[in-house]
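Read through the structure below, which is laid out as C-alpha cells, and then see the notes.
None of these values were measured; they are calculated from a predicted model. Every heavy atom of this structure was used, including side-chain atoms; hydrogens, water molecules and symmetry mates were not.
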Amino acid sequence: MWKLVHTIIVIGVVTLSLSGFQENVDASHSRQTVTLQIDGMTCGGCVKDVKAALAKVSGVSEVGLSTGKKWIWFPNYSDARASVTFDPEKTDVEALIKAVESASSPLSAYKAQVLTK
C-alpha cells in the first residue's frame with residue numbers, strides 16, 4: 001500500500017515539475033531582446049530618465065542600461081546602450097525608440113537606433 005502511495009506522489013511531483021518547465025519555455029519564446037544605441041545622454045540623470053521611460057512601455061520586462069568608460073573609471077555617456085526585453089505581442093521596437101526619444105529634455109535630446117535584435 002505504501003509503495004503505491006509513494007509511486008503516486010512521485011508521479012504527481014514529476015508532472016507538476018514538467019508543467020512548470022513548459023510554462024517557463026513558453027514564456028521565454030514570447031519574449032524578445034533588443035539592444036539600442038542611445039545618443040544624446042550626458043549624465044547619470046539621463047540614464048535614469050531613459051531607463052524609466054523604457055520601463056513604462058507596456059510589455060517591457062527588463063531594462064539594462066550601460067555606458068562605456070572614459071579615463072578608466074568615468075562613464076562615457078556617448079557610448080550608451082540599452083538592452084530591453086519585451087513581449088512582441090504587446091509592444092515593438094518602434095515604440096521603444098519612441099519612448100527613448102520622448103524622454104528628451106530641453107537640455108538633452110535623445111536618439112535611439114537598433115544595434116541588435
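Electrostatic pairing of D49 and K51 does not count as a salt bridge here, judged by no charged N lying under 4.0 Å from a carboxylate O.
Annotation: the span from L54 atom CG to I97 atom CD1 amounts to 10.0 Å, rounded to 0.5 Å. Between the CD1 atom in I38 and the CD atom in Q113 there is a gap of 10.5 Å [rounded to 0.5 Å]. In this structure, CD in E62 is found 4.5 Å from OG1 in T85, a value given to the nearest 0.5 Å. Remark: K90 NZ to S61 OG distance equals 9.5 Å, nearest 0.5 Å. The OH atom of Y77 sits 6.0 Å away from atom OG1 of T67, with the distance rounded to the nearest 0.5 Å. In this structure, NZ on K111 lies 14.0 Å from CG on L36, to the nearest 0.5 angstrom.
Scanning all heavy atoms of the two residues, the minimum distance from D87 to S30 falls at OD1-O, 3.3 Å. Taking each heavy atom of Q32 and P88 in turn, the nearest pair found is OE1-CB, 3.7 Å. Of all non-hydrogen atoms in V63 and A55, the two that sit nearest each other are CG2-N, 3.9 Å.
Not one N or O on the side chain of T91 forms a donor-acceptor pair closer than 3.5 Å with the backbone of G59.
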Check your understanding: Run the side chain to side chain contact (heavy atoms under 4.5 Å, CB included) check on Y110 and C46 step by step: do they pass?
Key -> CA-CA 9 Å; Y110 309 129; C46 298; 3.2 Å; yes
**Study point:** side chain to side chain contact (heavy atoms under 4.5 Å, CB included) evaluation trace for L115 with Q37
**Key:** CA-CA 6 Å; L115 283 181; Q37 170 74 40; 3.7 Å; yes
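Checking each of V34, V57, T33 against F86 for a side-chain contact (heavy atoms from CB on, under 4.5 Å) leaves exactly one that passes, namely V34.
Between M41 and S108 there is no side-chain heavy-atom pair separated by less than 4.5 Å. Residues V47 and L65 are in side-chain contact: their nearest non-hydrogen atoms beyond the backbone lie under 4.5 Å apart.
For the 3.5 Å distance criterion, the side chains of S83 and T35 fail to qualify, holding no donor opposite an acceptor.
Both V114 and V50 are members of a single hydrophobic cluster when ILVMFWY side chains are connected at heavy-atom separations under 4.5 Å.
In K69, the NZ atom is crowded: over 12 heavy atoms of neighbouring residues, nucleotides or ligands sit closer than 6.0 Å.
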